[in-house]
Amino acid sequence: MTSKSKRIVVVGGVAGGASAAARARRLSEDAEIVIFERGEHISFANCGLPYHIGGTIPLRERLLIQTPESMAKRFRVKVRVNHEVLRIHRESREVAVRDRVSGDEYRESYDSLILSPGAAPIRPPIPGIDSSRVLTLRSMNDMDAIIRLIVSKPASRALVVGGGYIGLEVTEALRYRGVSVTLVELAEQVMGVIDPEMASLLHQELRSQGVDLRLKTSVVGFAERGEKLDVSLSSQELLPCDFAILAIGVKPEIKLALEAGLQIGSRNGIVVDEQMRTSDPDIFAVGDAVEIRNFVTQKNAVIPLAGPANRQGRIAADNIFGRNRYYKSTQGTAICKLFNLTIAMTGVNETTLKREGRLYQKIYLHPANHASYYPDASSISLKLLFEAKEGKILGAQAVGEEGVDKRIDILAMAQRLGATVYDLEEAELCYAPPYGSAKDPVNYAGFIAANILKGDLKICHSEDLLTRSDDRILVDVRDADEVSRGMIEGSIHIPLDELRDRLDEIDRNKEVITICEVGLRSYLAYRILTQRGYRCRNLSGGYRTYLMTIGKPS
């Protein structure tokens with residue numbers, strides 16, 4: 001079949017569908033391309049919705065990336081908004097469509113069909129959840145409804161249910177608008193894609209911004225009371241508020257695919273191959289509704305991110321026109337802003353590695369985002385996970401005020417290219433005092449990890465110190481003013497510069513754990529002691545990581 005006779009139907013717009021349609025037009029001026037979108041908007045910046053609520057993006061129109069008119073004018077793509085695809089007739093290669101305005105139904109034929117239905121917010125069967133004061137944030141209309149409620153009562157109180165990306169971003173937006181916020185999260189931490197000790201920094205930030213954070217708490221019921229909403233919590237408390245926003249998560253929209261007999265995977269997503277084909281070779285699927293392979297585990301996963309959705313849309317279009325392109329799994333590289341902090345990650349977390357039974361090592365470090373002598377330097381808390389033998393990068397997480405995105409992006413690319421921690425040592429990165437250091441945090445991570453693999457350093461972790469042991473001695477080598485603000489219970493204090501002269505105070509028959517604020521000076525102490533015959537380990541990330549681990553970051 002020539003491109004001139006090819007008819008492509010796309011179900012759903014936004015990242016995956018709109019990208020697929022635009023790419024298809026760039027590949028063929030002759031193909032007929034139709035997009036069906038059941039909503040009002042074909043392509044909008046759904047990641048920008050919280051920032052319009054909070055006022056950071058003041059103009060609503062800035063969120064509209066493409067309109068039906070602009071898509072038709074620039075790409076000659078027929079866009080039919082408020083049109084819902086009801087069924088797929090695979091035998092005749094047609095879709096049944098309903099015009100949601102007129103109610104008319106008709107069929108549209110296709111040579112290739114691209115499904116980009118996205119994912120729907122989870123709305124569990126909680127009593128009262130259908131109240132008009134219980135909202136989600138997935139569309140422009142959702143955003144408008146939230147803003148109307150805020151404007152109608154400026155000094156309002158809101159409940160946010162769920163502490164993932166959307167929950168945190170909405171919480172920030174509401175606080176910027178002067179709304180009092182209670183954030184309820186069923187788990188022991190927010191942002192479940194990172195590990196608990198890293199999330200403790202987010203808990204501190206939320207509380208410092210006046211957010212009423214309730215962990216290990218769920219909602220068991222909603223009840224309207226005039227213009228108020230009473231929320232019953234699992235803690236037996238009744239919490240009054242003006243409105244609630246559900247941010248529990250999303251689930252793939254698979255109804256069309258399921259009813260058409262397409263293969264659905266173990267993660268309840270549409271199964272596709274590496275070319276984004278479903279179990280029907282004429283039907284492709286992209287975006288939040290599909291199952292892809294996790295880059296590290298190589299197991300199927302549903303990872304709803306805009307970047308992968310865009311790439312999948314391009315790849316689907318390429319393969320429709322015979323370009324033989326492959327999607328090479330998803331790392332889960334992501335980032336989130338929370339007031340003054342940035343959280344970013346790539347690869348898998350430690351929880352996943354434990355569940356998978358993988359052998360791994362981990363390190364913590366807290367370097368400055370740029371040269372410490374240059375004004376306004378701030379620290380980055382970085383966790384690196386890597387293979388215990390070869391040193392390949394398995395995952396990384398970072399939290400800080402500035403420079404987090406740069407380091408995680410570098411580590412994500414290194415991981416994608418199969419780099420090891422030894423390569424991080426050699427990475428040649430930009431340096432000038434306003435931007436970084438001659439030894440960048442990425443280099444430092446490589447130095448520490450490589451030292452471990454080469455046998456030049458043995459480490460312990462904060463969780464190892466949560467139980468007492470008579471066979472070890474904890475030596476804190478920080479200065480006096482630092483230890484006056486807190487020490488790990490049972491430690492002895494010997495400042496680093498006095499260590500060589502006070503070795504007789506350290507029992508040679510016990511293992512020595514060296515401790516400082518972030519792990520650097522204690523590494524120097526470790527090297528001094530090991531060369532004098534002591535059995536030693538250094539506390540990775542130092543006292544700062546210890547406080548994060550026990551949930552009391554400094």
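By convention here, the first residue in the shown sequence is residue 1. Given the structure is predicted, the values throughout are model-derived calculations rather than measurements.
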Original post:
Under 3.5 Å, side chain of Ser200 to main-chain N/O of Met548, donor-acceptor pair present?
Top reply: yes

Subject >> Nearest-0.5 Å distance, CG of residue Asn319 to CZ of residue Arg323 >> reply: 10.5 Å

**OP:** With rounding to the nearest 0.5 Å, note down the distance linking CG in Leu86 to CD in Glu259.
**Re:** 9.5 Å

**OP:** Quick one: do Arg138 and Asp288 satisfy salt bridge (charged side-chain N to carboxylate O under 4.0 Å, His left out)? Show the steps, please.
**Re:** CA-CA 13 Å; Arg138 192 69 178 170; Asp288 296 355; 2.8 Å; yes

Subject >> Glu29/Arg76 ion pair, N-O < 4.0 Å >> reply: no

Subject >> Option among Leu382, Ile343, Asp195 that satisfies the side chain to side chain contact (heavy atoms under 4.5 Å, CB included) test with Gln397 >> reply: Asp195

Original post:
Can we say Arg293 and Glu274 salt-bridge, meaning some charged N sits less than 4.0 Å from an Asp/Glu carboxylate O?
Top reply: yes

**OP:** State, with a plain yes or no, whether a side-chain heavy atom of Asn268 is found less than 4.5 Å away from one of Val302.
**Re:** no

Subject >> ring-ring contact (aromatic ring centres under 6.0 Å, His included) against His83, all qualifying residues, sequence neighbours excluded >> reply: none

Original post:
Going by an N to O cut-off under 4.0 Å, is there a salt bridge joining Asp230 and Lys228?
Top reply: no

**OP:** Give the intermediate values and the outcome of side-chain hydrogen bond (donor to acceptor under 3.5 Å, both in side chains) for residues Gln275 and Arg325.
**Re:** CA-CA 6 Å; Gln275 294 191 316; Arg325 290 279 310 284; over 6 Å; no

**OP:** Could you list all the ring pair (Phe, Tyr, Trp, His ring centres under 6.0 Å) pairs where at least one residue sits in residues 115-159, not counting sequence neighbours?
**Re:** none

**OP:** State, yes or no, whether a side-chain contact exists between Glu40 and Asn141 at a heavy-atom distance under 4.5 Å.
**Re:** yes

Subject >> Residues Glu94 and Arg87 bridged, charged N to O under 4.0 Å >> reply: no

**OP:** Measure the spacing between CD of Glu172 and CG of Leu168 and express it to the nearest 0.5 Å.
**Re:** 9.0 Å

Original post:
Could Glu350 and Arg355 be called an ion pair, given the rule that one side-chain N must be under 4.0 Å from one carboxylate O?
Top reply: no

**OP:** May I ask you to decide if Pro553's main-chain N or O and Gln204's side chain share a donor-acceptor pair within less than 3.5 Å?
**Re:** yes

Subject >> Atom pair SG/CD of Cys47 and Glu169 - distance to nearest 0.5 Å >> reply: 7.0 Å

Original post:
When Asp242 is tested against each of Arg133, Lys153, Arg157 for salt bridge (charged side-chain N to carboxylate O under 4.0 Å, His left out), which residue passes?
Top reply: Lys153

Original post:
Of all heavy-atom pairs between Gly128 and Val134, which one has the smallest distance, and what is that distance?
Top reply: O-CG2, 4.1 Å

Original post:
Strictly by modelled atom types, are Ser131 and Glu224 linked by a side-chain donor-acceptor pair under 3.5 Å?
Top reply: yes

Original post:
Looking at Tyr327 and Pro308, what are the two nearest heavy atoms and their distance?
Top reply: OH-CB, 3.2 Å

Subject >> Backbone N/O of Ala15 and side chain of Ser19: donor-acceptor pair under 3.5 Å >> reply: yes

Original post:
How far apart are the closest heavy atoms of Ala309 and Gly287, and which atoms are they?
Top reply: CB-CA, 3.8 Å

Subject >> Option from Val219, Thr182, Leu229 for which side chain to side chain contact (heavy atoms under 4.5 Å, CB included) with Leu239 holds >> reply: Thr182

Subject >> Point-to-point distance, once rounded to the nearest 0.5 Å, from CD1 of Ile408 to OG1 of Thr333 >> reply: 8.5 Å

Original post:
Would a 4.5 Å heavy-atom cut-off, applied to side chains only, mark Val81 and His41 as touching?
Top reply: no

Original post:
Is the shortest side-chain N to carboxylate O distance from Lys216 to Glu185 below 4.0 Å?
Top reply: no

**OP:** Kindly give the heavy-atom pair with the smallest separation between Pro50 and Leu137, and that separation in Å.
**Re:** CG-CD2, 3.9 Å

Original post:
What pairs meet the ring pair (Phe, Tyr, Trp, His ring centres under 6.0 Å) rule with one or both residues in residues 328-354, with sequence neighbours excluded?
Top reply: Tyr176-Phe339

Subject >> Cationic N near anionic O, under 4.0 Å, Arg60 to Asp144 >> reply: yes

Original post:
Within a strict 4.5 Å, meaning less than it, do heavy atoms of the Leu411 and Lys406 side chains meet?
Top reply: no

Original post:
Any side-chain heavy atom of Leu63 sitting closer than 4.5 Å to one from His52?
Top reply: yes

**OP:** Output, in order, the C-alpha distance, side-chain angles, deciding distance and verdict of salt bridge (charged side-chain N to carboxylate O under 4.0 Å, His left out) for Glu197 and Lys383.
**Re:** CA-CA 10 Å; Glu197 70 279 11; Lys383 178 177 184 177; 2.6 Å; yes

Original post:
Counting only N and O atoms by type, is there a donor-acceptor contact under 3.5 Å from the side chain of Thr346 to the main-chain atoms of Ala412?
Top reply: no

Original post:
Is it true that Asp318 and Arg23 make a salt bridge, defined as a side-chain N closer than 4.0 Å to a carboxylate O?
Top reply: yes

**OP:** First locate atom CG of Leu262, then atom CZ of Arg277, and finally report the distance between them rounded to the nearest 0.5 Å.
**Re:** 14.0 Å

**OP:** Under the salt bridge (charged side-chain N to carboxylate O under 4.0 Å, His left out) rule, what do Asp409 and Arg407 come out as? Steps first, then yes or no, please.
**Re:** CA-CA 5 Å; Asp409 279 343; Arg407 275 66 189 209; over 6 Å; no

**OP:** Verify, without hydrogens or angle tests, whether Gln236 (side chain) and Leu233 (backbone) share a donor-acceptor contact under 3.5 angstrom.
**Re:** no

Original post:
Mind checking whether Val97 and Glu105 have side chains closer than 4.5 Å, heavy atoms only?
Top reply: no

Original post:
At their closest point, which heavy atom of Gly261 faces which heavy atom of Ser279, and how far apart are they?
Top reply: O-OG, 4.4 Å

Original post:
Ser112 and Asp282: side-chain hydrogen bond (donor to acceptor under 3.5 Å, both in side chains), yes or no, with the steps?
Top reply: CA-CA 5 Å; Ser112 296; Asp282 295 321; 5.5 Å; no

Original post:
Side chain of Arg177, backbone of Ile147: donor and acceptor closer than 3.5 Å?
Top reply: no

Original post:
So, the side chain of Thr278 versus the backbone of Ile283: is there a donor-acceptor pair under 3.5 Å, distance only?
Top reply: yes

Original post:
Hey, does the side chain of Ser70 reach the backbone of Gln66 with a donor-acceptor pair shorter than 3.5 angstrom?
Top reply: no

**OP:** Kindly determine whether Lys73 and Glu69 satisfy salt bridge (charged side-chain N to carboxylate O under 4.0 Å, His left out), including the steps that lead there.
**Re:** CA-CA 6 Å; Lys73 185 175 182 179; Glu69 294 76 20; over 6 Å; no

Subject >> Residue pair Leu258 / Lys255, side-chain heavy-atom distance below 4.5 Å >> reply: no

Subject >> Closest heavy-atom pair and its distance - Phe75, Arg25 >> reply: O-NE, 2.5 Å

Subject >> Asn369 side chain to Ser378 backbone, donor-acceptor under 3.5 Å >> reply: yes

**OP:** Please tell me if the side chains of Val190 and Leu215 come closer than 4.5 Å, counting only heavy atoms from C-beta onward.
**Re:** yes

**OP:** Apply side-chain hydrogen bond (donor to acceptor under 3.5 Å, both in side chains) to Ser379 and His366, showing your working.
**Re:** CA-CA 6 Å; Ser379 67; His366 305 274; 5.7 Å; no

Original post:
Going by an N to O cut-off under 4.0 Å, is there a salt bridge joining Lys6 and Asp111?
Top reply: no

